[in-house]
Amino acid sequence: MKNGEKKEMKQVKTGKKESGKKESGKKIEAQGKNQIKKQSFEVDQRSVYKCVQCGTCRSVCPVFEVVGWESANTRGRMLIIKSLLEGRDPDSDVLSSLATCTTCGICAEKCPAGANPPKVVEAARAELVKQGVVGEGQAKLNATLTKFGNSFGETKSRLHWLSEAERSEIPKKADYVYFVGCFDSYRYPEFAKKTFEVLRKFGVTLLQDERCCASPLLRTGFLESAEKIMEHNLEELRKTGAHTIITGCAGCYTTLKNDYPDEFRVISVPEFLAEHLEELPLKKLDLTVSYHDPCHLGRHNEIYDEPRKVIRAICELKEMKNIRENSRCCGGGGGVRIGYPEISLDLAKKRLEDVPEGVDYLVTSCPLCVRNLRDAGGDVEVLDLIELVALALE
Amino acid sequence: MTVNADVIDELREIVGKRVSVSPSELYCYSSDASQVRGLPDYVLRPLNTEEVSRIVRLAYEREIPVTVRGAGTGLAGGAVPVKGGIVLDMSGMDRIVELDIDNIQVVVEPGVIQDKLNEALKPLGFFFPPNPGSSAMCTIGGMIAYNASGMRCVKYGTTRNYVRDLEVVLADGKVIHTGSRMLKSAAGYDLTQLMVGSEGTLGIITKASLKIAPLPKTRKLVMAAFESAELAGKAVVKTFSSGVVPSACEILDRVSLKVLKRYDPNLVLPAEGDVILFEVDGTENSAREAAAQVMEVCSGLALTLKLAESEEEMTKIWAARRLVGAAVSRLDPTKSRIYVGEDVGVPMKQIPKLLEKVQEISEEFELPAMKYGHIGDGNLHVALFIDVLKEDEWARLNAAADKIHRTAIELGGTVSSEHGVGAARGQYMELQWGPAFGVMRTIKNALDPKGILNPGKLGL
Ligand SMILES: Cc1cc2nc3c(=O)[nH]c(=O)nc-3n(C[C@H](O)[C@H](O)[C@H](O)COP(=O)(O)OP(=O)(O)OC[C@H]3O[C@@H](n4cnc5c(N)ncnc54)[C@H](O)[C@@H]3O)c2cc1C
Ligand code: SF4
Ligand code: SF4
C-alpha cells in the first residue's frame with residue numbers, strides 16, 4: 001500500500017473470552033496464560049513446520065503487497081499459526097492475518113520447501129471457528145448461508161432466470177448436471193442463462209433445489225455448516241442420476257471437485273466448451289482479448305489451456321503480464337471480498353495493471369473474478385468466457 | 001525492555017499508524033530465515049530518511065535498541081531484535097530514485113527488491129550484478145548490510161564492489177553521506193566500505209548510489225563431472241590460470257548429485273561424479289572462445305563434459321542445480337533443510353579438503369548433507385536436513401554446524417562468505433579474527449557509544 005497506512009481490519013470475537021490488544025514487550029515465552037493449549041489447537045504440525053521461513057512467498061503474496069505488514073504475508077501467517085500451535089493466545093491480529101488470505105495459492109506454487117500455506121490457513125481458520133474466534137464478516141456470512149442457502153441472503157428461487165415454462169421442461173434425469181452457483185444465480189443470471197442455453201442442447205439438466213456449494217464456509221472454516229449444505233446438494237445431485245457436474249464458477253468447481261466425495265466427475269464450463277468446440281457453431285470475431293486465470297481454476301486445478309483454446313477459436317488472445325501459474329489474484333477469494341472489501345479491491349486494481357495494451361476485453365471464467373475486476377473500475381471491460389462465447393454464437 | 005506508553009505516542013507522532021505493538025505483529029518480526037529468535041517491543045515502517053532520523057534520535061535519548069530489517073530473508077538473525085526494542089522495517093522505502101545511465105549508476109532507497117531493480121534496468125541494457133539466491137525477495141539495504149553476493153560474484157564481485165555512496169542515519173539520528181558519485185576519491189577514510197557488511201550495527205542506510213554493469217550479450221555453460229572433488233578442484237584452478245574468468249563456477253558434490261538423481265532421474269545432470277558448472281559470458285565470440293578454453297582444460301580431467309549453448313538448456317541445468325535445497329524434503333517429507341553452518345568459505349584450493357571434512361561430519365552426526373556452492377570463490381554451502389519435530393536431531397544439527405564452522409577456520413577460511421554473522425555466528429568472530437576483532441569493537445564503540453544499533457550481533 002503506497003501510503004503505508006495499515007488497512008483498517010475489523011474483527012470481533014464471538015467466543016467467551018475477550019482477546020483485546022495487549023501492549024507487547026513480552027518475550028515469546030512470557031505470553032501469559034494460554035487460552036488455546038498446545039494440543040487443543042489441532043492443525044497438522046508437519047504441514048506448519050514445513051515452512052522454513054525463507055521468505056520466498058513474501059515476494060508474491062498479493063495481500064502483503066497492498067497491506068505491507070509481515071502479518072499479512074504468507075510467512076507471517078505460517079508463523080502465527082506456529083505460535084498458536086505452541087500455545088500462544090489468539091489475539092485480534094491473528095484473525096486479521098488469517099482472514100485476509102485469499103487462498104490464491106501462489107505462495108504454494110513458489111514455496112521451495114513444499115509447504116501448502118492456503119491449506120494450512122484454512123485448517124487454522126476452522127480451528128479458530130471451533131474455539132469461537134470469528135470475524136464479523138465471517139460470522140455474518142455463516143449466518144446468511146445457513147439461513148438462506150446462498151451468500152447474498154436472497155429469498156427468491158435460484159432458477160428465477162428461467163420462465164415457468166422453461167422450468168417445467170428441466171429434465172428430472174440426465175447424465176450431466178449444470179451447477180449454477182450463488183453468483184450466477186443471483187448476481188449474473190445472464191451468465192447462467194447463456195451457459196444453460198449452450199448446455200441444454202447437450203442434454204444437461206439443473207438441480208431442482210441447488211444451494212450454495214459451501215465454498216465460502218469451507219474457506220473460512222465453518223466446517224459443520226458446510227457439511228449440512230453439502231449433504232443437501234449431494235442428495236439433489238444423486239436424484240438426477242448424473243455422472244458429471246458442470247460448473248461455471250471457479251469456487252464451485254474446486255469445491256465440488258476437491259471437497260465433495262468422489263462420486264461425480266466435475267468439469268468446468270471452459271473444459272466442457274473446449275471438449276465440444278467442433279459441435280458449437282462459433283463465428284470468428286474481430287476482437288483481441290486478454291485472459292485472467294482464476295486462482296481456483298488455474299493454480300488449484302491446472303485448468304489453463306481449455307479457456308485459452310475456446311478463446312482462440314473465437315478471436316485473438318493477447319496474454320496478461322502474469323499468467324497461468326504466475327497469475328495474480330483478483331482479490332475476491334477466501335472470504336476477503338466480504339471481510340475486507342478495501343483490500344480485495346486494491347488487489348483487483350493491481351491485477352488490472354497486468355492487462356496489456358490494445359485489447360477489447362478482459363475475459364475470465366469465474367463470476368467472482370468478474371465482479372471484483374469490474375468493481376475495480378479499470379478501462380477495459382471484463383467479460384465472463386460464456387459472454388464471449390454467446391457473442392460468437394449470435 | 002518494557003513498553004512505554006509515552007514512547008508509543010511519540011512514535012505515532014512520527015509515523016502515524018505505521019507503528020504496531022500488537023502481539024501477533026511483533027511475533028511476525030521475531031525471526032528471519034535463520035533459527036535466531038527475539039521479540040521486538042515496537043515495529044515501525046518508516047517511509048523516509050526524516051522519519052528514520054527522528055525515530056533513531058528518540059531511541060538514542062531513551063536508550064532503546066533499534067534493529068533494522070529489510071525483507072527478513074537473512075540467514076544469520078541479523079534482522080532479529082535479540083535485545084527487544086524497535087524494529088525498523090525498511091521495506092516501505094522502496095523507491096528507485098534515479099536511473100542515471102549516463103553515469104552508469106542508480107540511486108535507490110534501501111527497501112528496493114534486487115529483482116525489481118534489475119527488472120527496471122533490463123530494458124536499458126544494464127544490470128546490478130550481485131545476485132543472491134534470494135534476489136526475488138531480498139532488499140538492497142539487506143544486501144549492502146550483509147555484503148551479499150551470489151554465484152556471479154566470481155567474475156563480478158560482491159555487493160561491496162558496487163556501492164559508491166550511502167546516506168546513513170547514525171546512532172544519534174544525524175544523517176551523513178559516506179561517499180560521492182565519483183568513480184574514485186582519495187580523500188579520507190572509506191566510510192562507504194565501513195558501512196558495507198556492518199549489519200545495521202553502525203548506522204541505518206536510507207539511500208544508496210550503486211554502480212551498475214552492462215548486460216552481457218550472451219552466456220554459455222560447460223558442465224563437467226569428475227571422478228573426485230580433488231580433480232574437480234584442479235580443473236577449476238587450471239581454468240583460472242588459463243586466463244578464463246567464468247561468470248559462475250559452481251560445484252555440486254556427488255552426494256547432492258545422487259539425491260537429485262534419485263528425486264528425478266530425468267534431470268539434465270551427469271549420471272555420477274562431482275560436478276562443476278562453468279558459466280562464461282560476454283559477446284558471442286568471447287563467450288565461445290572462453291567455453292572452448294574451459295572444455296580444453298577439462299578434457300583431460302573430466303569423466304564427462306557437456307557444452308550448453310541454448311537458453312533453454314542452460315535454464316534447465318540451473319533449475320536442476322537449484323533443486324538442491326528442496327530435493328531431500330520432497331523425497332522424505334519429514335526432513336526440512338535448516339540453515340546452519342551453511343555458508344563457510346576457504347581458500348579455493350582447500351575446497352576438496354573441506355568437502356571431505358564436511359562429509360565426515362555428516363556421517364559422524366548421521367545427518368544427510370548436500371554440499372554445493374561457489375567453488376570459484378571458495379564458498380561452500382552445506383545443506384543439512386532434520387526432522388524438526390525431533391529434539392535430538394536439533395542437538396546433532398547444532399553440533400555438526402559448530403564443527404563445520406571450526407573446520408573452516410582451521411583451514412584458513414571464514415564462517416560466512418556471504419550470509420553474514422548476525423547472532424548466529426557471533427561466537428566465532430574472536431576465533432576467526434584474533435586481535436583485529438578488538439579494532440572492530442573500538443569502531444563500534446566510537447560510532448554507537450550507547451550500543452543501541454542492532455545489539456547482540458557480530459559478536460560485539
Ligand atoms: C533461500 C535463500 C537464499 C539465499 N541466498 C543467498 C545468496 O546466494 N547469497 C547471499 O549473500 N545471501 C543469500 N541469502 C541470505 C539473504 O537473503 C541475503 O543476505 C539478503 O541480502 C538479505 O536481505 P534482506 O533484505 O532480507 O535483509 P534482512 O535479513 O532483513 O537484514 C539483513 C541484515 O541487514 C541489516 N539491514 C537491513 N536493511 C538495512 C538498512 N537499510 N540499513 C542498515 N542495515 C540494514 C539488518 O539489520 C540485518 O543485519 C539467502 C537467503 C535465503 C532465504
Ligand atoms: S516460501 Fe514456503 S518455506 Fe518459504 S516462508 Fe513461504 S511458506 Fe515458508
Ligand atoms: S494463498 Fe495467496 S493470499 Fe494467501 S498467503 Fe498465499 S499468496 Fe498470500
Chemist: Taking only distance into account, with no hydrogens and no angle test, what donor-acceptor pairs under 3.5 Å do side-chain atoms of residues 384-391 of chain B form with protein atoms, sequence neighbours excluded?
Modeler:
residue, atom, partner, partner atom, Å
B:Asp387, OD1, A:Arg46, NH1, 3.0
B:Asp387, OD1, A:Arg46, NH2, 3.4
B:Asp387, OD1, B:Leu389, N, 2.9
B:Asp387, OD2, A:Arg46, NH2, 2.8

Chemist: As a quick check of understanding, evaluate side chain to side chain contact (heavy atoms under 4.5 Å, CB included) for A:Trp69 and B:Val43, giving each step before the final call.
Modeler: CA-CA 9 Å; A:Trp69 292 95; B:Val43 181; 3.9 Å; yes
Chemist: How far apart are the closest heavy atoms of B:Ser22 and A:Asp91, and which atoms are they?
Modeler: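 Looks like OG-OD1, 4.3 Å.
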Chemist: Run the side chain to side chain donor-acceptor pair (under 3.5 Å) check on A:Arg58 and B:Ser91 step by step: do they pass?
Modeler: CA-CA 11 Å; A:Arg58 199 179 184 276; B:Ser91 48; 3.2 Å; yes
Chemist: Is B:Arg322 in contact with chain A via its backbone, its side chain, both, or neither, using a 4.5 Å heavy-atom distance?
Modeler: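 Answer is neither: B:Arg322 stays 4.5 Å or more from chain A.
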Chemist: Quick one: side-chain contact (heavy atoms from CB on, under 4.5 Å) partners of B:Asp264, sequence neighbours excluded?
Modeler: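 For B:Asp264, the residues satisfying side-chain contact (heavy atoms from CB on, under 4.5 Å) (neighbours in sequence not counted) are B:Asn266, B:Leu267.
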Chemist: Name the region of B:Val324, side chain, backbone, both or neither, that has any atom closer than 4.5 Å to a heavy atom of chain A.
Modeler: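 For B:Val324, neither part sits under 4.5 Å from chain A.
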Chemist: Please report the shortest heavy-atom distance between A:Ile80 and B:Ser24, naming the atom on each side.
Modeler: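 Result for this residue pair: CD1-CB, 3.9 Å.
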Chemist: Give me the contact list for residues 111-120 of chain B versus chain A, heavy atoms only, anything under 4.5 Å, ordered by residue number.
Modeler: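 Hits under 4.5 Å: none found.
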Chemist: Of all the heavy-atom pairs spanning A:Leu79 and B:Cys28, show the shortest one and how long it is.
Modeler: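 What the structure gives for the nearest pair is CD1-O, 3.9 Å.
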Chemist: Report, by ascending residue number, the residues of residues 104-112 of chain A in heavy-atom contact with chain B at a distance under 4.5 Å; give 'none' if the set is empty.
Modeler: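 From residues 104-112 of chain A, the residues near chain B are A:Cys111, A:Pro112.
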Chemist: Under 4.5 Å from any heavy atom of chain A, what part of B:Pro46 do you find: side chain, backbone, both or neither?
Modeler: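 For B:Pro46, no heavy atom lies under 4.5 Å from chain A.
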Chemist: Find the one option among A:Cys57, A:Ala113, A:Gly114, A:Cys54 whose heavy-atom pairs under 4.5 Å with chain B are most numerous.
Modeler: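 Of the options given, most contacts go to A:Cys54.
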Chemist: For B:Ala136 and A:Ser59, work out which heavy atoms get closest and say how close.
Modeler: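 Minimum heavy-atom contact is O-CB, 3.2 Å.
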Chemist: Show your working on side chain to side chain contact (heavy atoms under 4.5 Å, CB included) between B:Ser336 and A:Lys50 and close with a plain yes or no.
Modeler: CA-CA 7 Å; B:Ser336 299; A:Lys50 268 223 164 280; 5.7 Å; no
Chemist: Nearest heavy-atom pair of A:Glu70 and B:Ala71: which atoms, and what distance?
Modeler: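 That closest heavy-atom pairing would be OE2-O, 4.1 Å.
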Chemist: Under a 4.5 Å cutoff for heavy-atom pairs, which residue among A:Gln45, A:Arg77, A:Arg75 has the most contacts with chain B?
Modeler: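 The residue among A:Gln45, A:Arg77, A:Arg75 with the greatest pair count is A:Arg75.
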